[in-house]
Amino acid sequence: MQYWLMKSEPDEFSIDDLARAQRSGSAWFGVRNYQARNFMRDQMQIGDQILFYHSSCPEPGIAGLAEVSAEAYPDDTQFDPKSKYYDVKATRADPRWFNVDVRFIRKTRLLGLPELRKHKALAGMRLLARGNRLSITPVDPGEWKYITTKLLK
DNA sequence: GCCAACGTTGGC
DNA sequence: GCCAACGTTGGC
């Protein structure tokens, strides 16, 4: 079992949207970065735990907890010419993009970036690294424990 | 294979 | 809106 941090713009898809979604989970579609795709396709397993992060918004930070509810399968939006995630080079026979399904666990208080940066135990988080833009990053078990038991109790 | 140009992310 | 950082593209 692994831990992850997944970013979403709340204007696009927030923790509240996830909470309202069907119990089986929501497709994490739209990832168009190879590293993030590979994490989903090659490493994520059902039951993996997720820090749900709100990005590109007035208060960026961790907003809730979620879990992987389906392993990776081809991202439907890559085949849809009307989607902004359409990819001309992707075919059903040879899909380029994949997504997992993610299921709501609970909302948390907003654990903002400035607060995260205050904790030495979290200094190694990929999220906090300079210039990090990856929308999906692995989280250390120790970091997960620190965040969920100490900060989000 | 190099690398400049361009596009995107995302905090501020 | 600005801009730093990074990824992708495409000419050579």
Side-chain angles (χ1 to χ4, degrees), chain A residues 2-21 25-44 48-68 71-140 142-144 146-148 150-152:
Chain A
Q2 286 185 264
Y3 302 98
W4 306 94
L5 181 140
M6 299 176 84
K7 294 180 188 174
S8 183
E9 301 187 15
D11 286 350
E12 297 284 325
F13 191 75
S14 71
I15 189 70
D16 291 314
D17 293 323
L18 185 65
R20 279 192 293 269
S26 304
W28 202 263
F29 62 83
V31 169
R32 294 295 180 268
N33 168 283
Y34 290 105
Q35 238 184 310
R37 177 203 69 181
N38 293 348
F39 283 141
M40 286 199 283
R41 191 191 58 187
D42 305 334
Q43 290 189 237
M44 284 191 175
D48 279 8
Q49 302 292 109
I50 298 161
L51 299 170
F52 192 108
Y53 180 91
H54 282 171
S55 67
S56 294
C57 58
E59 264 197 296
I62 294 164
L65 305 182
E67 66 182 353
V68 174
E71 286 181 18
Y73 55 93
D75 178 338
D76 267 339
T77 61
Q78 71 193 301
F79 309 123
D80 177 5
K82 291 193 213 81
S83 168
K84 70 170 172 174
Y85 299 115
Y86 179 61
D87 185 336
V88 196
K89 294 178 187 155
T91 63
R92 292 199 183 267
D94 188 17
R96 180 182 282 206
W97 305 110
F98 292 79
N99 64 253
V100 294
D101 283 356
V102 167
R103 175 201 291 145
F104 178 77
I105 294 180
R106 68 177 175 94
K107 280 183 78 165
T108 63
R109 72 182 176 89
L110 200 282
L111 180 49
L113 264 190
E115 186 178 349
L116 287 168
R117 291 191 202 283
K118 280 187 204 154
H119 297 271
K120 268 218 190 75
L122 306 178
M125 283 188 82
R126 191 105 179 242
L127 172 74
L128 304 180
R130 224 176 122 64
N132 173 61
R133 297 182 310 164
L134 246 197
S135 66
I136 300 177
T137 50
V139 172
D140 280 359
E143 293 162 352
W144 173 272
Y146 188 89
I147 290 170
T148 55
K150 270 202 83 170
L151 305 183
L152 294 177

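Every chain is numbered from 1, with letters handed out A, B, ... down the list of sequences. For clarity, every value in this text was computed on a predicted model and none was experimentally measured.
The existence of a salt bridge linking A:Arg37 and A:Asp75 is excluded, since no basic side-chain nitrogen approaches an acidic carboxylate oxygen closer than 4.0 Å.
Scanning for side-chain contact (heavy atoms from CB on, under 4.5 Å) contacts around A:Leu152 gives A:Ile62, A:Leu65, A:Arg106, A:Thr108, A:Arg109, A:Leu111, A:Ile147, with sequence neighbours left out. Legend: residues meeting salt bridge (Lys or Arg N to Asp or Glu O under 4.0 Å) with A:Glu9, ordered by chain and number and at least two apart, are absent. By the ring pair (Phe, Tyr, Trp, His ring centres under 6.0 Å) test, A:Phe39 pairs with A:Trp4, sequence neighbours left out. A:Lys89 meets the side-chain contact (heavy atoms from CB on, under 4.5 Å) test with A:Asp87, A:Arg96; sequence neighbours excluded.
Ring geometry for A:Tyr85 against A:Phe29 counts as perpendicular: the plane angle is over 60°, on a 0 to 90° scale with 30° as the lower cut.
Between the side chains of A:Arg133 and A:Ser55, no donor-acceptor pair of N or O atoms lies under 3.5 Å.
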Exercise. With the sugar-phosphate defined as primed atoms, P, OP1 and OP2, and the base as all remaining atoms, what B/S/- string results for nucleotides 5-12 of chain B, 5' to 3', for protein heavy atoms under 4.0 Å?
Worked result: --BBBBS-
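Against DNA chain B, the stretch residues 75-88 of chain A makes no heavy-atom approach under 4.0 Å.
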